[in-house]
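As a basis for the values below, the full set of heavy atoms in this structure was taken, side chains included, without hydrogen atoms, waters or symmetry mates.
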Amino acid sequence: GGSRHFQTRVEENLENICPFCRTHSPNSQEECHKNTLKRAEADDPIAVCEIGEMYYRAGDESAYKYFAKAAEMGDAVAHYNLSDSYRRGEGVEKDEKK
């Protein structure tokens with residue numbers, strides 16, 4: 001009856017909610033970008049790395065600053081991105097030991 005309908009509606013609404021921050025998923029790229037910036041300002045290492053990746057795709061060398069910050073906070077992807085940058089000498093001085 002009625003409670004089953006309520007349960008279905010709750011489950012449908014939960015599909016669009018972030019399990020970490022419990023807010024609804026963004027509906028646009030712009031909203032997604034705003035959320036990422038907000039998370040980065042709150043020192044979310046994944047968001048900081050994502051900002052670095054956006055700068056990297058745009059060819060902006062400030063990407064490496066974000067990779068370094070996210071790596072310091074323990075983000076594994078940022079560690080990889082930064083080590084790959086040092087290996088290639090891309091945006092940072094080449095250093096194959098780092």
Would a 4.5 Å heavy-atom cut-off, applied to side chains only, mark F67 and C49 as touching?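 F67 vs C49: side chains touch.
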Measure the shortest side-chain to side-chain distance between K34 and E30 over non-hydrogen atoms and say whether it is less than 4.5 angstrom. yes
Those residues at least two apart in sequence (or on a different chain) that pass side chain to side chain donor-acceptor pair (under 3.5 Å) with E53 are N81
List in chain and number order the residues that pass side chain to side chain donor-acceptor pair (under 3.5 Å) with Y56, two or more places apart in sequence or in another chain; answer none if no residue qualifies. E90
Can you give me the closest heavy-atom contact between [X] and [Y], atom names plus distance?
| X | Y | result |
| --- | --- | --- |
| A40 | A47 | N-CB, 3.6 Å |
| A68 | L82 | CA-CD2, 3.6 Å |
| A70 | P45 | CB-O, 3.4 Å |

Check this for me: does any side-chain nitrogen of one of K69 and D43 sit under 4.0 Å from a carboxylate oxygen of the other? yes
Rounded to the nearest 0.5 Å, what separation is found between the [atom1] atom of [X] and the [atom2] atom of [Y]?
| X | Y | atom1 | atom2 | result |
| --- | --- | --- | --- | --- |
| T36 | E41 | OG1 | CD | 11.0 Å |
| E72 | H79 | CD | NE2 | 9.0 Å |
| K65 | I51 | NZ | CD1 | 10.5 Å |

Consider only side-chain heavy atoms of I, L, V, M, F, W and Y, link residues closer than 4.5 Å, and tell whether I46 and M73 are in one cluster. no
May I ask whether Y80 and Y55 are part of the same hydrophobic cluster, defined by side-chain heavy atoms of I, L, V, M, F, W, Y residues being less than 4.5 angstrom apart, directly or through others? no
